[in-house]
Amino acid sequence: MPSILNEFINKNDALKIKLLTTLLENKQNTYELRNLTNQFKVSDYLMRESLEALNSDINVLFGDDWMVLKRGIIYQKMTLTRYHVYRLSQYFFDLSPLKLLLDQRLIAGSIPNYTFMQSEFGWSTSYFFIQKNTLSELIDLDPPEAVISAAFVIYDHYDAKPKFDHYILSASQAVSQFLVDKSYINTHGADKKRLLIAIFLNEITHNPDNCRNIMQHEDKHIHVDDGLPDDICQRLGIPLNNMVLSHLISALNIFDLLEISAPISFTDYAQPIVDRLAAVIMPRLSHSKLNCTPKDAEKISHAMACYCLKFTTTNHWALLSQDNISTNYFQDIYPSIYYLIESFLPSINYPKEIVPPTYLNAAILNMISIIFYYLDITNVDAITISLNFSGSPFTNNMIEAILKDHISHASVHFVTEVLDDSADIYLSDTLCDDVSKPQVIWKKPPTVSDWQSLAELIIRLKKNKNDQQSK
């Protein structure tokens, strides 16, 4: 969980989530209390109190006690998963005073005064100003783009929904269907898209003075010929033009919620950026080991350029999901794709930085996904394994089926000819002096360490092949 999102739940609740996540990752049935207190650098009293409170919360949500604490040892009575962590996070967020205050900000278009929060929710004056100042430090509550993006990221992260008026929910459903009909979005992840649409419509409806730029000027990046349906505009008091829709489409685009073939074009500001980035990327794709056709190279370079455009925004909430992403899997399994993309990132960032260092891994991952969308990558960085088990023909078939189920996603292919020149690895239950390639011998059903050794060998061979081809 990005650290700023932790701030939207109570500190004690955040500790409970961190504690439960740590215990899940260790995958043990018993834990020593003193080890946890040392790891979290908290007192024995606070750790005991947090565990008891967490046990109570789990009982409230799921109807069972999670653990029992005896003589400094935690004994688990219930197996928890990531699902339980997410449900607890949602539960704690619903109880958060910042969530209540943010709800009121969205509904009213501005932060309510302390007399309202006192009469409606029993908040004292000092408590109100503490929460208001905390929320104001986390979110810039004036620019509508920042409010829309921040609210979407926060509510989406906790799988929560703001308490919108019925007419906003009805309008967001109608706008969502309109965008589907016009091919701007598809129905995949419909709830997430409706959440962003509802937050957007709510903000421009409840905060029209701050949203004049959205209503009167086109988005900086996106141009659309369409406008929102007349009946929706009249119902919400939105101008009958394409300006509002261009901002909504831009918001959907920043969060990767647009259809790939959405009928959009770029503004005079954005188009030169897209053209320059595509011109940087396309030659490298055309001359890469991916064997792109000119048409595929053009599509991929354009899609990558459009993706990179999102990093020109100054709205850090829009980029929050792009932080703390690992690309180790692709670096190991598809090194030629990974290093190809890594090689043209410096040119993308010259003469002016487009993708900040914090988001380089996210950029690489998303560009890899674009390549996966347009190209068949089953033979990219391929490794071939020769199978030769002496038991019976059924044995080879069984081993091949098991291997395909486990590692065929990594561009690994199989042959049953012992001396096949295409084979990179010889896998058998007997040694073979006629094979010069690396041999993996499984005389018994493979153990976890056997699988790990095979995976390490595949990764090493992929890297060696890529290094040789790059010379």
Heavy atoms from other residues, nucleotides or ligands near [atom1] of [X] exceed 12 (cutoff 6.0 Å):
X	atom1	result
K465	NZ	yes
H409	NE2	yes
K463	NZ	no
D181	CG	yes
H287	NE2	no
H302	NE2	no
K289	NZ	yes

(message) Taking the six-membered ring of Y269 as reference, does the cationic atom of K220 (NZ for Lys, CZ for Arg) lie under 6.0 Å from its centre and within 45° of its axis?
(response) yes

(request) Assess K99 against F8: is NZ or CZ under 6.0 Å from the centre of the six-membered ring, and within 45 degrees of the ring's axis? (result) no

Heavy-atom donor-acceptor pair, [X] side chain to [Y] backbone, under 3.5 Å:
X	Y	value
N361	I325	yes
D381	K462	no
S301	E298	yes
K192	L257	no
R105	L141	yes
D429	S390	yes
K193	N186	yes
H217	I214	no
T267	A270	yes
S149	E145	yes

Tell me, do [X] and [Y] make a side-chain contact under 4.5 Å, heavy atoms counted?
X	Y	answer
Y350	L345	no
R82	T21	yes
F255	W317	no
S347	R284	yes
C306	F266	yes
I139	I154	yes
L340	L285	yes
L138	I4	yes

Regarding [X] and [Y], do their side chains bring together a donor and an acceptor under 3.5 Å, going by distance alone?
X	Y	value
N35	Q39	no
K18	N6	no
H221	T312	yes
S250	N253	no
N388	Y426	yes
H157	D159	no
T447	D450	yes
E353	N349	no

Atom pair [atom1] ([X]) and [atom2] ([Y]), whose distance is rounded to the nearest 0.5 Å:
X	Y	atom1	atom2	result
H406	L454	NE2	CG	10.5 Å
D225	I264	CG	CD1	11.5 Å
W66	L61	CH2	CG	14.0 Å
I385	L461	CD1	CG	9.5 Å
I441	L431	CD1	CG	4.5 Å
L201	Q173	CG	CD	12.0 Å

Does the pair [X]/[Y] count as a salt bridge with the N-to-O cut at 4.0 Å?
X	Y	answer
K310	D256	yes
K299	D296	no
E400	K404	yes

(request) Decide side-chain hydrogen bond (donor to acceptor under 3.5 Å, both in side chains) for Y184 and D226; before the verdict, give the C-alpha distance in whole Å, the side-chain angles of both, and the deciding distance to 0.1 Å. (result) CA-CA 11 Å; Y184 287 105; D226 296 308; 2.5 Å; yes

Non-hydrogen atoms of [X] and [Y] that approach each other most closely:
X	Y	answer
V415	A423	CG2-CB, 4.4 Å
P144	N210	CG-O, 3.4 Å
M304	I371	CE-CG1, 3.6 Å
I185	L252	CG2-CD1, 4.1 Å
D376	V380	O-CG2, 4.4 Å
G227	F178	O-CZ, 3.3 Å

(request) Begin from the C-alpha positions of L15 and K11 and carry the test side-chain contact (heavy atoms from CB on, under 4.5 Å) through to its verdict. (result) CA-CA 6 Å; L15 174 61; K11 286 186 178 180; over 6 Å; no

(request) Decide yes or no on side-chain contact (heavy atoms from CB on, under 4.5 Å) for T327 and L360, but give the supporting numbers first. (result) CA-CA 10 Å; T327 56; L360 286 178; over 6 Å; no

(request) Take N366 and I370, measure what side-chain contact (heavy atoms from CB on, under 4.5 Å) needs, and give me the verdict at the end. (result) CA-CA 6 Å; N366 280 276; I370 291 169; 5.5 Å; no

(request) Go through the steps to decide whether I348 and M367 satisfy the test side-chain contact (heavy atoms from CB on, under 4.5 Å), and finish with yes or no. (result) CA-CA 13 Å; I348 286 175; M367 290 182 189; 3.8 Å; yes

(request) Please name the residue in the list T378, T384, N379 that meets the side-chain hydrogen bond (donor to acceptor under 3.5 Å, both in side chains) test with H413. (result) N379

(message) Please verify the inter-ring angle class for Y334 with Y329; under 30° counts as parallel, over 60° as perpendicular, anything in between as tilted.
(response) perpendicular

(message) Tell me which one of T22, V85, L54 satisfies side chain to side chain contact (heavy atoms under 4.5 Å, CB included) with I17.
(response) V85

(request) Could you tell me if the ring centre of F93 sits under 6.0 Å from that of Y155? (result) yes

